[in-house]
Amino acid sequence: MSVCFYCEDGEKRESLMIEICRLSWAHIYLNRDQKHKGRIVVKFRDHKTEYFQLTKEENAGFFQELALAAQAVYNLYHPDKINYATFGDGVPHVHVHVVPKYKDGLNWGAPFDDTLPKKLLTEEEYGQMVKEIRGEIERLREMSR
């Protein structure tokens, strides 16, 4: 069995995404490929490979935090639509790609495509996005209390 890079939380995960924050049920990451501005990944905190393996409490908590993270991206980057993608063949750990889509932008009206060239940012730009998204998540959490 191969090692889950989400659970390992090492170089492979860091080469693809940057941790934004850890919530009660979900860990939120900024995808390094920002051809869809604001793209994040929300993973379940524990190693589960299928949604049906989550208890009712885990499921409700995870999807509430997924919605919170997506709302933060929406508030900050104003996409016309957010796409949600769940895969797992290559990385069997419950996680969702949150992909902001913009009318007349890349892949509008079609699934997002990871085979296209990546749009990489500077470390300063990543740091600013992480700070913005983390701050907006915290703001939304405070408002909901």
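The model shown is predicted, which means the values in this text are computed figures rather than measured ones. The figures that follow rest on heavy atoms only: side chains count, while hydrogens, waters and symmetry mates do not.
Residue Lys131 holds its NZ atom at 15.0 Å from CG of Leu30, rounded to the nearest 0.5 Å. In this structure, the separation between CD on Gln71 and CG on Leu76 is 10.5 Å, given to the nearest 0.5 Å. Distance CZ/Phe44 to NE2/His27: 9.0 Å, rounded to 0.5 Å. Atoms SG and NE2, from Cys4 and His95 in turn, are 9.0 Å apart once rounded to the nearest 0.5 Å. The OH atom of Tyr29 sits 10.0 Å away from atom SG of Cys21, with the distance rounded to the nearest 0.5 Å. Remark: Met129 CE to Ile20 CD1 distance equals 8.0 Å, nearest 0.5 Å.
For Lys48, the NZ atom is densely surrounded, since the number of other residues' heavy atoms within 6.0 Å is greater than 12. For Glu8, the CD atom is densely surrounded, since the number of other residues' heavy atoms within 6.0 Å is greater than 12.
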Please evaluate residues Glu132 and Gln128 with respect to the criterion side-chain hydrogen bond (donor to acceptor under 3.5 Å, both in side chains), reporting the C-alpha separation (whole Å), side-chain torsions for both, the decisive distance (0.1 Å), and the verdict. CA-CA 6 Å; Glu132 290 170 351; Gln128 182 62 35; 3.3 Å; yes
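Taking each heavy atom of Tyr6 and Val41 in turn, the nearest pair found is OH-CG1, 3.2 Å. Heavy-atom minimum distance, Pro79 versus Tyr74: O-CE1, 3.4 Å. Between Ala69 and Ile40, the closest heavy-atom pair is CB-CD1, 3.7 Å. Annotation for Phe112 and Ala85: closest pair CE2-CB, 3.5 Å, computed over non-hydrogen atoms. Shortest non-hydrogen contact noted between Val73 and Pro100 is CG1-CG, 3.5 Å. Closest approach of Leu140 and Ala72 over heavy atoms only: CD1-N, 3.7 Å.
A donor-acceptor pair under 3.5 Å is absent between the side-chain atoms of Tyr51 and the main chain of Asn59, judged by distance alone. The backbone N or O of Leu120 lies less than 3.5 Å from no partner atom in the side chain of Arg32, so there is not a single donor-acceptor pair. Between the side chain of Gln34 and the main chain of Gly38, a donor-acceptor pair closer than 3.5 Å is present. No donor-acceptor pair under 3.5 Å is formed between the side chain of His93 and the backbone N or O of Val91. Under the 3.5 Å distance criterion, the side-chain polar atoms of His47 are left unmatched by any main-chain donor or acceptor of Val94. In this structure, the side chain of Tyr102 engages the main chain of Lys37 through a donor-acceptor pair within 3.5 Å.
Between Asn83 and Asn107 there is no side-chain heavy-atom pair separated by less than 4.5 Å. The side-chain heavy atoms of Phe5 and Leu16, taken from C-beta on, include a pair separated by under 4.5 Å. Contact annotation: the side chain of Tyr77 approaches that of Ile133 to within less than 4.5 Å [non-hydrogen atoms, C-beta and beyond].
Aromatic pair Tyr84/Phe63: centroids not less than 6.0 angstrom apart.
In the hydrophobic cluster analysis, where Ile, Leu, Val, Met, Phe, Trp and Tyr join through side-chain heavy atoms closer than 4.5 angstrom, Val42 is grouped apart from Met17. Note on Val96 and Phe87: separate hydrophobic clusters, where clusters join Ile, Leu, Val, Met, Phe, Trp and Tyr whose side-chain heavy atoms are under 4.5 Å apart, directly or indirectly.
Between Arg141 and Glu138 there is no salt bridge, since no side-chain nitrogen of the basic residue lies less than 4.0 Å from a carboxylate oxygen of the acidic one. A salt bridge does not link Glu142 with Arg139: none of the charged nitrogens is closer than 4.0 Å to a carboxylate oxygen. At a threshold of 4.0 Å, the pair Asp33-Lys35 counts as salt-bridged, since one of the basic side-chain nitrogens sits closer than that to a carboxylate oxygen.
The stretch residues 98-120 participates, sequence neighbours left out, in these salt bridge (Lys or Arg N to Asp or Glu O under 4.0 Å) pairs: Arg39-Asp114.
Scanning for side chain to side chain donor-acceptor pair (under 3.5 Å) contacts around Asp9 gives Arg13, Arg22, with sequence neighbours left out.
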